[in-house]
Each structure stands twice: as C-alpha cells, then as structure tokens.
Amino acid sequence: MPPTVEKVSRALLREWGLPDPGSKKARGQVVVVGGSPRSPGAVLLSAEAALRVGAGRVGLAVPPETAVGLGTAMPEAGVYAWGGDADSLDEGLRSALESADAVLFGPGFDDPDVTRAALLAIARVGVTRLVLDAFALGILSDVDRSLLPEDLLINANEEEAALLLERDLGEDRAADIAEIADRYRAVVHCFGTVATPDGRVWQAEPGSGGLGTAGSGDVLSGCIAGFASRGLEPERAAVWGGWTHARSGDRLTERAGVGFLARDLLGEVTAVVRDVVG
C-alpha cells in the first residue's frame, strides 16, 4: 500500500512552529565534519546555513591543512583540525562532538576510505543526532547501521537516493524515499520529499532549477542540521530545512534568475524562516 503523503505548506510550518530562540546555548550546537584540500569550502556553506536558521554555535572538524584558512574565513566557528582517523581525534573535538545537539557529517569529503574511517570514529564517540550528506552516503551501505545513533537523518540528492535504494528512482517518489527510510532506520530528505522509518511522508515543492548549482546541497544539509540542533523532531527538522532551502532558491530566481551561487542562498535563509514564523 503506497504511503499517505502530507503536503508541506507555510500554514503547516506555522502550526508546527519553532522553539523559542532563548540563549545561544539553548539554540543548539552543530559540529560539521568534512572538508578536503580539494573542497574546503563545503563545510563553510553548511556551517553558515546552520547559524542562519537559528543554531547558536557551530564547530568545524576539518583536515589540518585547511583549518587555519577556514577559521579565518568563518570567525563565528570553532575549528578543530582532524585527519579523520580515531587516533588523531583529540579531547577537544571529542568533547565538542559529545555535547553537540546535531553533528553534520559529509560535506566536502572526497575519499571513500577517509570518509568511512571518519564516520566510524565519530560513531564511537557516541553522538546523539547525526545528519549524513554528500560523500557519506556513498559509503553508508558499507557501515553497520547498529554502530550509528538511533537519531539519524539522511539528506540525499536523486543520484544518492538511487545509490541507497540500489536501483533507479521510480514514478512513486514517496514510496521510494520511504523504502530508504525503512532500510536505514533514518529520516530521509530527497528533493522536497521527507520520509520516516514508520512510513510517514511529507512533500514540499522542491524549488527552482537555480538550486542545481555547486554547493547548494551543502546549504541544504546545514539548514537541516541547524533546525535539528534547535530540538525539533528529526522529521520536522528535515521538512523545515528542505522548505527553507527551496524557498530561498525561489526568492533568488524571482529576483535575479538562474545563475546565482550557493552562497547567495545564505542571505535569504533567515528571511524565509521569518516569513513563516514572524
């Protein structure tokens, strides 16, 4: 039996609402784990997006050769130099991961072996809420699900969803995403569709074609992680994140047309959230 799909609207999000902002600590802490010498900027897009949707604090766990430059580029972030293996995970980073309200893993990784080792090291720390994105999804099928936290969110594009599904996506998108959610016991977001392991599904308008630009997915995953850090239930964090990213793209497309950059989305994110909750 196909899942029942609930349409996402501004009215639904207004009904759900968001937690009161409160203090910086009350708004949650995100740690973004990722980056590589070839793609150092992905973590910046994710981290800033998390702050823009209301997270209070953000940390970056990145390769040592990129740490100083990223810290300069984003003075709001705490930066931890980490090679990705368990032996080099120091107490400072371990403490940040343990206390994080959401850990986003994946943006900017480009080596499967490094990604796998880093994910297993992160899992051993005992993080409570993990958001997986980008290169992390390419190695997820090789990782024992029982090693990962129960509170798991997956942000997949269509190619990554097909990889997780082990076949091409069909016409029934809701059923396909729900199958991935069930298989990995995770909340899954893909192109406006959000599914939970128990079969609940939401569908939002996926946004304009201008969102198909480099780094856009990093902004999206940062939005999801930021909402997750604020204490929303995982499925609501995914719905809110997808909506915010898509509507930010719509605003830019209406104003400037196709050709905007992923970092341009960051300037729209807060306004989109305010448009819903006031």
Side-chain angles (χ1 to χ4, degrees), residues 1-19 28 46 49-50 52-55 102 104 129-133 137 140 149-162 164-165 169-209 211-212 216-217 219-251 265 268-269 272-278:
M1 182 177 178
T4 300
V5 180
E6 183 171 4
K7 184 177 180 180
V8 179
S9 64
R10 184 179 285 102
L12 175 66
L13 295 178
R14 187 173 289 122
E15 179 185 333
W16 284 358
L18 290 172
S46 295
R52 295 278 185 178
V53 301
L104 170 56
R129 177 169 283 188
L130 182 61
V131 182
L132 298 180
D133 182 57
L137 303 183
L140 184 57
E150 189 62 30
D151 207 344
L152 183 67
L153 295 87
I154 291 173
N155 177 48
N157 62 29
E158 292 175 305
E159 292 181 359
E160 292 159 347
L164 295 171
L165 200 57
L169 295 173
E171 293 184 4
D172 192 340
R173 178 64 56 85
D176 286 343
I177 304 308
E179 183 177 335
I180 297 172
D182 177 65
R183 180 178 301 185
Y184 289 94
R185 302 200 312 277
V187 169
V188 180
H189 174 274
C190 178
F191 208 61
T193 303
V194 173
T196 66
D198 60 8
R200 291 172 292 154
V201 179
W202 292 263
Q203 178 65 57
E205 291 296 323
S208 72
L211 289 169
S216 178
V219 174
L220 169 56
S221 63
C223 288
I224 292 172
F227 283 121
S229 77
R230 296 185 62 182
L232 292 178
E233 295 175 356
E235 60 272 19
R236 293 193 176 189
V239 170
W240 262 106
W243 169 274
T244 301
H245 175 257
R247 301 294 76 77
S248 296
D250 288 346
R251 288 165 64 99
L265 292 165
E268 304 294 330
V269 164
V272 168
V273 176
R274 182 181 179 184
D275 184 51
V276 176
V277 297

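In this structure, CG on L153 lies 15.5 Å from OH on Y184, to the nearest 0.5 angstrom. How far SG of C190 is from CD of Q203: 9.5 Å, rounded to the nearest 0.5 Å. One finds the CG atom of L132 at 11.0 Å from the CD1 atom of I224 (value rounded to the nearest 0.5 Å). Here the CG-OG1 distance, from D176 to T193, works out to 9.5 Å after rounding to the nearest 0.5 Å. Atoms CG and CD1, from L169 and I180 in turn, are 6.5 Å apart once rounded to the nearest 0.5 Å.
Taking the side chain as every heavy atom from C-beta outward, H245 and V272 never approach each other to under 4.5 Å. Residues V277 and W16 have side chains not in contact (no heavy-atom distance under 4.5 Å, counting atoms from C-beta outward). For the pair V187/E233, no side-chain contact is recorded, criterion being any heavy-atom separation below 4.5 Å from C-beta on.
With hydrogens and angles disregarded, a donor-acceptor distance shorter than 3.5 Å links the side chain of R183 to the backbone of L164. No donor-acceptor pair closer than 3.5 Å links the side chain of S216 to the backbone N or O of G212. For the pair R230 (side chain) and L18 (backbone), a donor-acceptor distance under 3.5 Å is absent. Checked by atom type and distance alone, the side chain of E268 never pairs as donor or acceptor with a backbone atom of L265 at under 3.5 Å. Here the side chain of S46 pairs no donor or acceptor atom with the backbone of S221 at under 3.5 angstrom. Of the possible polar contacts, none joining the N155 side chain to the D133 backbone as a donor-acceptor pair under 3.5 Å is found. A side-chain donor-acceptor contact under 3.5 Å links S229 to the backbone of G226.
Here the shortest heavy-atom pairing between A195 and V201 reads CB-CG2, 4.1 Å. Between P149 and L130, the shortest heavy-atom contact is CG-CB, 3.6 Å. Of all the heavy atoms in W243 and R10, the pair that sits closest is CH2-N, 3.6 Å. Contact between L12 and V8 at its shortest, heavy atoms only, is CD2-CA, 4.0 Å. The minimum heavy-atom distance between G17 and L232, with the atom names listed, is O-CD2, 4.3 Å. Minimum heavy-atom separation, G249 to L211: CA-CD2, 3.7 Å.
Counting heavy-atom neighbours within 6.0 Å of E159 CD, excluding the residue itself, gives a total of 12 or less.
A salt bridge between D250 and R247 is present, with a side-chain N of the basic residue lying under 4.0 Å from a carboxylate O of the acidic one.
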Side chain to side chain contact (heavy atoms under 4.5 Å, CB included) assessment of H189 paired with L220: CA-CA 10 Å; H189 174 274; L220 169 56; 3.6 Å; yes
